[in-house]
Number of protein chains: 2
Amino acid sequence: MAFDAYLAECPSRKLLDRISDKWVVLVITALADGPQRFSEISRHLAGVSQKMLTQTLRTLERDGLVARHVTPSVPVRVDYELTPLGRSILGPIRQLKAWAEAHMPEVAEAQETYDRRQEAR
Amino acid sequence: MAFDAYLAECPSRKLLDRISDKWVVLVITALADGPQRFSEISRHLAGVSQKMLTQTLRTLERDGLVARHVTPSVPVRVDYELTPLGRSILGPIRQLKAWAEAHMPEVAEAQETYDRRQEAR
DNA sequence: CCGGATCCCTATTGATACTG
DNA sequence: CAGTATCAATAGGGATCCGG
């Protein structure tokens, strides 16, 4: 393998840093349903600030995972969609989100056990 | 589905926030090789600070993904290993790291194209 | 109005020094 | 060795302003 994400200076490590991000995971999974407007994504992902959504989309665009289409109407309409490269990461990312939703009960139980044990000391 | 990570208040969303983290991805993949001491993990992941490694391991322990074993020798020996729950997330996480290493060339090219276009503005 | 840039304040991260 | 404590740097979020 030419790239090794364990090395801090390796470009693949920096790429991993960028995609291992909560907003990236949510934006990519949201766009899996098809192209969406800025405001649609914003509504889809509860709790995202405009600033973070803009920033996340810009980074994804620069990395070639997302394409940005501007329709110069009034008011402007901006659509975002996954590129083929963006769709190629959909598998792993969807699995991550699915894992979180599927294993919540076990994690919640582990937390309770951990917290009870901490109190006891 | 009982949990929905798109909702900000949903526990699974908070769990997703915690696992969508660069250090989590690297620590989990590192521990895939078997139990390791604190210093071994630290050496394995170039660029991690002691503080972030401690914090990441504590969170993973609390969530039940990692088990911590203390051997009260002098000096103390502390080993970390993946729990069965931790191993269940190994698939998605490894794929994420593998994707980053595999698609670097395409991402690098996308960045160059993007940056050249920005300059031309 | 929509998409997003900017300012400002808080929260998280990181570097460094120190300890049982 | 495996952490803590402390402080400086940075990233995130809220509110506000703006150009089309």
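Proteins come first, then strands; the chains are lettered A, B, ... in the order of their sequence lines, and each starts at number 1. All figures in this text were calculated on a predicted structure; none of them were measured in a lab.
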**OP:** May I ask you to verify if any side-chain N or O of B/Y80 is less than 4.0 angstrom from the OP1 or OP2 atom of D/dG3?
**Re:** yes
Original post:
For DNA chain D, which residues in residues 21-40 of chain B have a heavy atom at a distance below 4.0 Å?
Top reply: B/R37, B/F38, B/S39
**OP:** Starting at atom CZ of A/R18, determine the distance to atom P of D/dA11, rounded to an integer number of angstrom.
**Re:** 13 Å
Subject >> Shortest non-hydrogen contact from A/S73 toward A/R77 >> reply: OG-N, 3.8 Å
Original post:
Between A/D63 and B/Q111, does any side-chain donor sit less than 3.5 Å from a side-chain acceptor?
Top reply: yes
Original post:
Between B/R37 and B/D79, which heavy-atom pair has the shortest distance, and what is it?
Top reply: CG-OD1, 3.5 Å
Subject >> Closest non-hydrogen atom pair, B/S12 against B/D4 >> reply: OG-C, 3.6 Å
Subject >> Steps toward salt bridge (charged side-chain N to carboxylate O under 4.0 Å, His left out) verdict (A/K97, A/E101) >> reply: CA-CA 6 Å; A/K97 179 166 174 292; A/E101 290 170 348; 3.1 Å; yes
Subject >> Inter-residue atom distance A/L85.CG - B/H103.NE2, 0.5 Å rounding >> reply: 6.0 Å
**OP:** For B/Q36 and B/A30, work out which heavy atoms get closest and say how close.
**Re:** NE2-O, 2.7 Å
Subject >> Taking every non-hydrogen atom, the tightest pair across B/Q50 and B/F38 >> reply: O-CZ, 4.0 Å
**OP:** Please work out which residues in residues 50-68 of chain B have a non-hydrogen atom less than 4.0 Å from an atom of DNA chain C and list them by number.
**Re:** B/Q50, B/K51, B/M52, B/Q55
**OP:** Taking the side chain as every heavy atom from C-beta outward, state whether B/I89 and B/L82 have any atom pair closer than 4.5 Å.
**Re:** no
**OP:** Using whole Å, report how far CD1 of A/I41 lies from P of C/dC2.
**Re:** 15 Å
Subject >> Main-chain N/O of B/L26 paired to B/T29 side chain as donor or acceptor, under 3.5 Å >> reply: yes
Subject >> A/E81 atom CD: more than 12 heavy-atom contacts under 6.0 Å >> reply: yes
Subject >> Comparing A/G47 and A/P75 on DNA chain D - which has the more 5′ nearest nucleotide >> reply: A/G47
Subject >> 5'-to-3' dot-bracket of DNA chain C (Watson-Crick, G-U; under 3.5 angstrom; crossing pairs as [ ]; | other strand) >> reply: ||||||||||||||||||||
**OP:** Scan B/V78 against the nucleic acid and name what it touches under 4.0 Å (heavy atoms): base, sugar-phosphate only, or nothing.
**Re:** sugar-phosphate
